[in-house]
Amino acid sequence: MGTACRSLLCVLVAYWMGTGAAQSDLHFLENPSNQTSSLGKDVRLRCAVQLSQELPEISWLRDGQALELADSNQVQMPINEKVWLAVSELSIPSVQLSDAGSYQCVMWVNGEEVVSDAAHLGLEGLPFFSEEPQDLEVAADTPFNLSCSAQGPPEPVRIIWLQDGAPLNSLVDPLAQVPSTLAVNSLNRSSSFSCEAHNAKGVATSRSAAVTVVPQRPRSLVLVTRSQNTLEVAWEPGASGASPLSICTVQAVHTDQDLSTGPPEAMYNQTLNVPPFRHLLQGV
């Protein structure tokens with residue numbers, strides 16, 4: 001016999017032994033009880049009613065609204081020839097933030113609505129990330145931003161940023177407030193960034209974002225010499241960060257074509273070692 005069935009059976013036996021007559025007024029003998037759970041846990045709420053007639057279906061409300069697709073199980077049985085007892089159990093698997101709220105049992109008896117006392121389902125646990133830092137490709141020594149946000153309950157939630165596993169701020173810094181945006185003025189080598197979300201229940205860690213540093217665009221491209229079939233060009237390299245440039249690709253097309261749309265066979269494409277930052281294009 002499953003846990004839920006054993007629990008319901010215990011309630012039935014308790015009411016059988018402890019109650020011998022029907023209630024003169026309509027009310028629930030057992031109301032759902034307040035609960036505080038963690039995200040992802042299974043939650044069960046229960047109510048029970050006793051009447052001197054066969055009982056109608058017991059439904060569930062959350063924040064006053066009917067739970068049309070509720071996973072509920074109702075067991076009813078006669079206590080004696082005149083009295084019936086029913087127990088309804090609502091199951092909420094893997095509880096989420098949207099499940100928090102006020103829960104009640106409700107039924108209709110002879111045209112009269114009977115509603116149980118309300119029970120509050122609250123959630124507590126490690127922070128839940130609503131936004132995590134994402135992978136980026138940035139030019140060396142170029143500013144960029146990363147974002148991170150998380151929520152409880154419980155609140156407050158504070159953010160610690162990490163670069164390659166090393167913290168960049170403390171919990172009392174303004175940067176720790178959510179939502180948090182990390183502004184990086186420049187980066188000269190590829191790094192990983194993540195954020196930790198802290199609350200009273202502990203610490204949750206976000207995904208690790210890979211920020212890849214690529215060289216800046218070359219500057220000051222000039223034509224050094226020109227002949228009928230050759231061109232010699234020179235340029236100044238853009239910033240490349242901590243890793244010096246060693247390879248460069250030179251691409252060229254005729255002036256009436258575009259590098260992005262021209263056919264590959266019409267493009268001059270040559271990969272070369274640098275420095276020096278100059279190249280002789282032949283056969284153009």
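Throughout, numbering of the chain's residues begins at 1 and tracks the sequence.
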Kindly list each side-chain donor-acceptor pair under 3.5 angstrom involving residues 231-243, sequence neighbours excluded, with atom names and distances?
residue: E232; atom: OE1; partner: T225; partner atom: OG1; Å: 3.2
residue: E232; atom: OE2; partner: R278; partner atom: NE; Å: 3.1
residue: E232; atom: OE2; partner: R278; partner atom: NH2; Å: 3.1
residue: S240; atom: OG; partner: S243; partner atom: O; Å: 2.9

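Put simply, the side chain of D135 gets close to the backbone of A210: a donor and an acceptor are under 3.5 Å apart. Between the side chain of E124 and the backbone N or O of G122 there is no donor-acceptor pair closer than 3.5 Å. When atom types are taken as modelled, the side chain of N34 and the backbone of H120 share a donor-acceptor pair closer than 3.5 angstrom. Between the side chain of E155 and the main chain of G152, a donor-acceptor pair closer than 3.5 Å is present. Counting only distance, with no hydrogens or angles, the side chain of T142 and the backbone of A140 share a donor-acceptor pair below 3.5 Å.
Linking ILVMFWY residues whenever their side-chain heavy atoms come closer than 4.5 Å, directly or via other members, places L29 and I79 in the same cluster. Following chains of ILVMFWY side-chain contacts shorter than 4.5 Å, one can reach W84 starting from V49, so the two form part of one hydrophobic cluster. In the hydrophobic clustering of this structure, L85 does not group with L45; members are Ile, Leu, Val, Met, Phe, Trp, Tyr whose side-chain heavy atoms approach within less than 4.5 Å, directly or through other members. Using a 4.5 Å cut-off between side-chain heavy atoms of Ile, Leu, Val, Met, Phe, Trp and Tyr, with links allowed through other members, V224 and L281 fall into different hydrophobic clusters. V222 and L280 fall into different hydrophobic clusters, where Ile, Leu, Val, Met, Phe, Trp and Tyr side chains are chained together by heavy-atom contacts under 4.5 Å.
Atom OG in S208 sits 10.5 Å away from atom CD in E132 (nearest 0.5 Å). Considering OG1 of T36 and NZ of K41, their distance stands at 14.0 Å, rounded to 0.5 Å. In this structure, L123 CG and L39 CG are separated by 5.5 Å, a value rounded to the nearest 0.5 Å. Note that CD of Q134 and OG of S206 are 9.5 Å apart. Values are rounded to the nearest 0.5 Å. Distance CD1/I58 to SG/C105: 6.0 Å, rounded to 0.5 Å. A distance of 7.5 Å separates OG1 of T249 from CG of L272, quoted to the nearest 0.5 Å.
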Inset, instruction - Carefully, step by step, assess W60 and S88 under the rule side-chain contact (heavy atoms from CB on, under 4.5 Å). - result: CA-CA 9 Å; W60 285 85; S88 178; 2.9 Å; yes

Inset, instruction - Take L90 and Q74 through the test side-chain contact (heavy atoms from CB on, under 4.5 Å) and record every step on the way to the result. - result: CA-CA 9 Å; L90 174 67; Q74 180 171 324; over 6 Å; no

Inset, instruction - Applying side-chain contact (heavy atoms from CB on, under 4.5 Å), run through V43 and D99 and close with a yes or a no. - result: CA-CA 10 Å; V43 171; D99 295 317; over 6 Å; no

Inset, instruction - Could you walk me through whether S116 and Y103 pass side-chain contact (heavy atoms from CB on, under 4.5 Å), step by step? - result: CA-CA 9 Å; S116 73; Y103 286 80; over 6 Å; no

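Counting heavy atoms from C-beta outward, H198 and I160 have side chains that approach closer than 4.5 Å. For the pair D117/Q104, no side-chain contact is recorded, criterion being any heavy-atom separation below 4.5 Å from C-beta on. In this structure, V83 and Q50 have side chains that are in contact, with non-hydrogen atoms separated by less than 4.5 Å. Side-chain contact between I92 and L121 is present, with at least one heavy-atom pair separated by less than 4.5 Å. Taking 4.5 Å as the limit, every side-chain heavy atom of S59 sits out of range of all side-chain heavy atoms of M107. Residues K82 and L51 fail the side-chain proximity criterion, which asks for heavy atoms closer than 4.5 Å. Contact of the N199 side chain with the P154 side chain is registered, since non-hydrogen atoms from C-beta on lie closer than 4.5 Å. C248 is not listed as a side-chain neighbour of F277, based on a closest heavy-atom distance of 4.5 Å or more.
In this structure, F28 places its CZ atom where more than 12 heavy-atom neighbours from other residues, nucleotides or ligands lie under 6.0 Å away. Atom CD of E113 is surrounded by more than 12 heavy atoms from other residues, nucleotides or ligands within 6.0 Å.
Summarising the geometry of V95 relative to S37, their closest heavy-atom pair is CG1-OG, 3.9 Å, with the distance given to 0.1 Å. Nearest heavy atoms, E30 versus R46: OE2-NE, 3.3 Å. The heavy-atom pair separating V87 from A48 by the smallest distance is CG2-CB, 3.9 Å. The heavy-atom pair separating S147 from T181 by the smallest distance is OG-OG1, 3.9 Å. Nearest heavy atom pair, residue P133 against residue R207, reads O-NH1, 2.9 Å. Here the closest non-hydrogen pair linking S38 and G125 is OG-CA, 4.4 Å.
V211 shares a hydrophobic cluster with L136, V138, F144, L146, V157, I159, W161, L168, L175, V178, L182, V184, L187, F193, V213; the chain of contacts runs through ILVMFWY side chains whose heavy atoms sit under 4.5 Å apart.
No hydrogens or angles considered: a donor-acceptor pair under 3.5 Å links the side chains of S192 and D164.
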